[in-house]
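What follows is a single structure, written as structure tokens, with notes after it.
One is the number of the first residue; the rest follow in order along the sequence. Since we're looking at a predicted model, the values are computed, not measured.
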Amino acid sequence: MFAPKKCGIRYEPPTLVVEYVVLATGKLHRRCMPLRGVTGNSNADTEARKFKSSPKHGKYLEKISQEKLARVLGKCIKFLKGSAAISAKPVRLCLDDDDIMGGGGDDVDMNKMNDSELQFEKSKMHRDFLGKQIKPGDPEFEYDKEVDFGSGNLGNVECEWDESEGSDFSF
């Protein structure tokens with residue numbers, strides 16, 4: 001069958017692009033699926049369901065989670081509405097096993113992302129931070145909380161580079 005590697009959109013013309021590997025041969029292929037019926041008023045979840053159930057394109061999208069596909073299509077729908085927040089550059093999202101199954105991608109290398117991908121990852125981290133943030137007035141808020149991180153069961157750990165046996169450098 002097929003193992004998707006990357007999924008993204010091209011804004012002009014609106015196209016869903018999937019890079020996948022054919023497991024039998026190990027060859028990498030790219031499939032471009034035009035978004036013909038998608039407008040600025042379309043629902044991303046509905047369009048994602050249509051694509052996944054399509055007899056023509058469904059087999060290439062079956063291992064991509066519904067949420068990820070809806071998020072990618074949502075970006076195209078926002079662009080079609082004329083949203084100024086999105087640039088006209090293509091958006092590419094890399095898929096690993098967690099992303100395909102709908103999990104998080106916490107080990108993403110942000111140095112290799114373009115600006116739109118980086119902003120998306122930063123907004124995810126900010127939402128996660130706000131969800132975990134404890135503010136004054138919250139029941140678990142404690143003013144001036146002190147935590148001893150200690151060294152656990154390691155005790156004092158000696159390190160050979162920390163020992164001074166005379167001069168370290170010969171200048």
Looking at every heavy atom in both C76 and I9, which two are closest together, and how far apart are they?
N-CD1, 3.5 Å
Rounded to the nearest 0.5 angstrom, the NZ-CG distance for K112 and N114 is 14.0 Å
Of all pairs that satisfy salt bridge (Lys or Arg N to Asp or Glu O under 4.0 Å), the ones with a partner from residues 38-52, not counting sequence neighbours:
E47-K50
How far apart are the C-alpha atoms of V22 and F2, what are their side-chain angles, what is the distance that settles it, and do they pass the side chain to side chain contact (heavy atoms under 4.5 Å, CB included) test?
CA-CA 5 Å; V22 178; F2 309 105; 4.1 Å; yes
Within 45° cone of F51 ring axis and under 6.0 Å: K56 NZ or CZ:
no
One should read off an interatomic distance between L118 CG and S123 OG, to the nearest 0.5 angstrom, of 10.0 Å
Residues pairing under salt bridge (Lys or Arg N to Asp or Glu O under 4.0 Å) where one sits in residues 129-139, two or more places apart or in two chains, turn out to be D128-K132
Taking the side chain as every heavy atom from C-beta outward, state whether R30 and V18 have any pair of such atoms under 4.5 Å apart.
no
If hydrophobic clusters are built by linking Ile, Leu, Val, Met, Phe, Trp and Tyr wherever their side-chain heavy atoms come under 4.5 Å apart, do V21 and L61 end up in the same one?
no
Working for side chain to side chain contact (heavy atoms under 4.5 Å, CB included), residues Y60 and M33:
CA-CA 10 Å; Y60 303 102; M33 304 169 220; 4.3 Å; yes
Is any side-chain heavy atom of M125 closer than 4.5 Å to one of F129?
no
Can V17 and C7 be said to form a side chain to side chain contact (heavy atoms under 4.5 Å, CB included), step by step?
CA-CA 6 Å; V17 181; C7 177; over 6 Å; no
Could I get the full list of side-chain contact (heavy atoms from CB on, under 4.5 Å) partners for R36, not counting sequence neighbours?
P34
Would you say that L69 contacts L16 through its side chain, given a criterion of any heavy-atom pair below 4.5 Å between the two side chains?
yes
Compare every heavy atom of A70 with every heavy atom of A44, then report the nearest pair and how far apart it is.
CB-O, 3.3 Å
Side-chain ion pair, K5 and E19, N-O less than 4.0 Å
no
Is there side-chain contact between P14 and V38, with at least one heavy-atom pair below 4.5 Å?
no
If you look only at pairs with a residue in residues 22-46, which of them pass as a ring-ring contact (aromatic ring centres under 6.0 Å, His included), with sequence neighbours excluded?
Y20-H29
Taking only residues two or more places apart in sequence, or in another chain, which ones meet T15 in a side-chain hydrogen bond (donor to acceptor under 3.5 Å, both in side chains)?
none
Which residues satisfy the side-chain hydrogen bond (donor to acceptor under 3.5 Å, both in side chains) test with S53, sequence neighbours excluded?
none
Over all heavy atoms of both residues, which pair between I64 and P4 is shortest? Give the atoms and the distance, please.
CG1-CG, 3.8 Å
With side chain to side chain contact (heavy atoms under 4.5 Å, CB included) as the test, would you mind laying out the steps for M113 and N111 before giving the verdict?
CA-CA 6 Å; M113 293 182 175; N111 291 319; over 6 Å; no
Which pair of heavy atoms, one from G40 and one from K81, lies closest together, and at what distance?
O-CE, 2.7 Å
So for atom CD, which belongs to E140, do other residues, nucleotides or ligands contribute more than 12 heavy atoms lying within a distance under 6.0 Å?
yes
Do K75 and I77 make a side-chain contact, defined as non-hydrogen atoms from C-beta onward lying under 4.5 Å apart?
no
